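Below, read A as the first sequence line, B as the second, and so on, with proteins coming before strands; counting in each chain starts at 1. Since the model is a prediction, treat every value here as computed from it, not as a measurement. What's counted below: heavy atoms across the whole structure, side chains too, no hydrogens, waters or symmetry copies.
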2 protein chains.
Amino acid sequence: MAGHGARGRSGGRPTLEEVAARAGVGRGTVSRVINGSPRVSDATRAAVEAAVAELGYVPNTAARALAANRTDAIALVVPEPETRFFAEPYFSDMLKGVGAELSETEMQLLLIFAGSDRERQRLAQYLAAHRVDGVLLVSVHADDPLPDMLSQLEIPAVISGPRSAGETLTSVDSDNYGGARSAVEHLLARGRRRIAHITGRMDVYGARRRVDGYRDALLDEGLGVDELLIEQGDFTEEGGRRAMSRLLEHAPDVDAVFAASDVTAAGARQVLREAGRRIPDDVALVGYDDSAIARHMDPPLTSVRQPIEEMGRAMIDLLLADIADRRPSASRDLERRHAVLPTELVVRTSS
Amino acid sequence: MAGHGARGRSGGRPTLEEVAARAGVGRGTVSRVINGSPRVSDATRAAVEAAVAELGYVPNTAARALAANRTDAIALVVPEPETRFFAEPYFSDMLKGVGAELSETEMQLLLIFAGSDRERQRLAQYLAAHRVDGVLLVSVHADDPLPDMLSQLEIPAVISGPRSAGETLTSVDSDNYGGARSAVEHLLARGRRRIAHITGRMDVYGARRRVDGYRDALLDEGLGVDELLIEQGDFTEEGGRRAMSRLLEHAPDVDAVFAASDVTAAGARQVLREAGRRIPDDVALVGYDDSAIARHMDPPLTSVRQPIEEMGRAMIDLLLADIADRRPSASRDLERRHAVLPTELVVRTSS
DNA sequence: AGGTACCGTGGGAGCGCTCCCATCGGTGAT
DNA sequence: ATCACCGATGGGAGCGCTCCCACGGTACCT
């Protein structure tokens, strides 16, 4: 593939020095060209670039990292035990966005698992040793010490779901509030009036925002919020089943359910079926995530799609910006950025 | 960029030299202790370890990589365009196994996307520059030049689905043949006699093995193989739909279908429903992969589970072994290893 | 006793790169 | 014509580590 015409000196990759010799210039000049410094004459630059091409020169990352004290690598920290998170397309999609955006740069992506205590231990060492230039954090719990640790070490980091409205780290999120609103507004438009909500885990900020959206949609319609119609779930199928059972008990006249995740909706669906309620005739159902399950459910589930791949891209963008900003040290006072990306309601036959 | 000694003395990470001074030994000795060399006296080792602990010494990867000409990193190459592969739990599960096994070592995991041409270009450079000690290859097409490139560069590599029976790379696979057999034997045991098979893409070795297993199960039962009962699919839902339509046309008396993937089964299911065939009463259905779709299908789908997480672990084991074997160069003649892990039939109500 | 093996150890010599300073012409100003 | 100045360039000095050779010491041999 790559035209490494010269695997040179008996197998060794060409070095800066060899390129310099070949181009008839000094080592420093080649370095400048490689790193895109403007202080090189056009003629020299051309000569160096030719030599680089001829020799198939590729910079040695290790040497560069050692000399420049940077790594050109960023870490994606994965809290592995969260199987829910892992199995959903969420992870894959985000990775896709991250990968796409990253491929525009010279940065490499390290995957670090921080599930077990030992793994977290290792991660701490990793970070302490500044083995990455920045960190991507996904699916972090409210009480996780990791984010604070990162701020303290002054390692640029971007978190995918902010932990609260006052998130200190740079963050990327989808519009949970708006997504929930659109789901409920859709149900209202369909004439439903007794719309229930099965929440996600309330220690997740996004889940709370969805509740807010649910409430406000009802209030803006002039309907009150019946607390009996709000049941707590935990994003899981089992949680959805339990919540739906309680719902049927406390509010048997429910005519629509907005669940905080597709999996939760699947659990709710099962209980509804067993109770003889038809979907959508008796009870309309809307989920969240627009996962494979939504498409394959019977009936296919209306769901709120999050632009996850775009979120991945945004995370990289923000992180790279943070890393760049950080370099001319002491410009720490840049305003923290928080990106919020729009969601989209995918209407299917369950509503 | 953090100038040289910049954060030096005050707050900088301790170096080997500093540990050596603290322990009252030479640099070389500390290096030996860090790397677990046996040629160090117990007393010295203890002293060094104490110094390491007191100073919180963590080796500088870049320096080590530069001096030792190795990277302590392995790459997981992801052929991104394969969205099918990416979205299925396959990827996540494998990653889980890889991560778990890797966390026992000092190796780090690099994720490299090789979807677009530009990405492949970069990957080639990457490999040419020997920026990783080894490579994990997943979901590789039969005509992909990557594997050969790896052999040529003599970079240790493990492939997750061998491309053929004569795979030259070290490989890990699940028992596609046995998995298919168990599915068909299960259907036979249930009294089915007109068992059809919707295949995967026939350029995938695993798909061919599944066909083999299907055939042999029938032959061993004393039943002939009716070629009309074998329809080609491509692992997708749409492929499943098309194949099932043809099947109903050519072999209307079909009483069971073994599909090469759950998604394919989902497509087949839809067509069966539309044709008024009940599952499992009229036609039993068995899928492959045991994905989320299988659990959530109506009726829940019997499926062949592959031990994907274990496959991930096995890949790492084999790769690390290859890397280790490689170091004392010229021991290239080690026999290529191929691990085949058993599958498990998960019986649900669709059969 | 002298010789031969080691063993544990110290430390020089790089690995390939970035930084930075010194150098060298060329330029416009005086 | 002279000088201060500036952009372009060369190359020394590390970055922190591993490799390996050399060294003194001890144990064992003849």
Distance check: side-chain N/O of A/T29 vs OP1/OP2 of D/dG10, anything under 4.0 Å?
yes
Ignoring hydrogens and angles, answer whether the base of C/dG12 and the side-chain atoms of B/R27 contain a donor-acceptor pair closer than 3.5 Å.
yes
Is A/D144 paired with A/R120 through a side-chain N to carboxylate O contact shorter than 4.0 Å?
yes
Grab the CG-C1' distance between A/L16 and D/dG11 for me, whole Å please.
12 Å
How many whole angstroms separate atom CG of A/L66 from atom P of D/dG14?
14 Å
May I ask you to say what B/N69 touches in the nucleic acid, namely base, sugar-phosphate or nothing, with a heavy-atom cut-off under 4.0 Å?
nothing
Below 3.5 Å, does any donor atom in the side chain of B/R39 face an acceptor in the base of C/dT9, or the other way round?
no
Give the C-alpha distance, both sets of side-chain angles, the deciding distance and a yes or no for side chain to side chain donor-acceptor pair (under 3.5 Å) between B/R131 and A/Q108.
CA-CA 11 Å; B/R131 277 169 67 164; A/Q108 48 187 35; 3.1 Å; yes
It should be established whether B/S41 places a side-chain nitrogen or oxygen under 4.0 Å from OP1 or OP2 of nucleotide C/dT9.
yes
Would you mind reading off the distance between B/R32 atom CZ and C/dG11 atom P, rounded to a whole angstrom?
11 Å
Starting at CD of B/E106 and ending at C1' of D/dC17, how long is that distance when rounded to a whole Å?
15 Å
Please classify the nucleic acid contact of A/R64 as base, sugar-phosphate, or nothing, using heavy-atom distances under 4.0 Å.
sugar-phosphate
So, is A/N60 near the phosphate of C/dC15, with a side-chain N or O under 4.0 Å from OP1 or OP2?
no
Roughly how many Å is it from CD in B/E17 to C1' in D/dC17, rounded to a whole number?
10 Å
Using the rule given for side chain to side chain donor-acceptor pair (under 3.5 Å), can you reason through B/R337 versus B/T170, listing the C-alpha separation, both sets of side-chain angles and the distance that settles it, and then say yes or no?
CA-CA 5 Å; B/R337 273 165 299 183; B/T170 298; 5.7 Å; no
Which residue, B/V40 or B/A63, contacts DNA chain C at a nucleotide closer to its 5' end, judged by nearest heavy atom?
B/V40
Locate the shortest heavy-atom distance separating A/A100 from A/S103; write the atom from each residue and the value.
O-OG, 2.9 Å
Rounded to whole angstrom units, what separation is found between the CG atom of B/D72 and the P atom of D/dC17?
13 Å
5' precedence on DNA chain C between B/A67 and B/T44 (nearest-nucleotide basis)
B/T44
Ignoring hydrogens and angles, does a donor from either the side chain of B/R13 or the base of D/dG16 sit under 3.5 Å from an acceptor on the other?
no
OP1 or OP2 of C/dT18 versus the side-chain N and O atoms of A/S31: is any pair under 4.0 Å?
yes
Let me know the distance between CZ of B/R70 and P of D/dC17, rounded to the nearest Å.
12 Å
Can you name the one residue among B/L136, B/V98, B/V135 that meets side-chain contact (heavy atoms from CB on, under 4.5 Å) with B/L319?
B/L136
Nearest whole angstrom, please: distance from the P of C/dG8 to the CG of B/D42.
9 Å
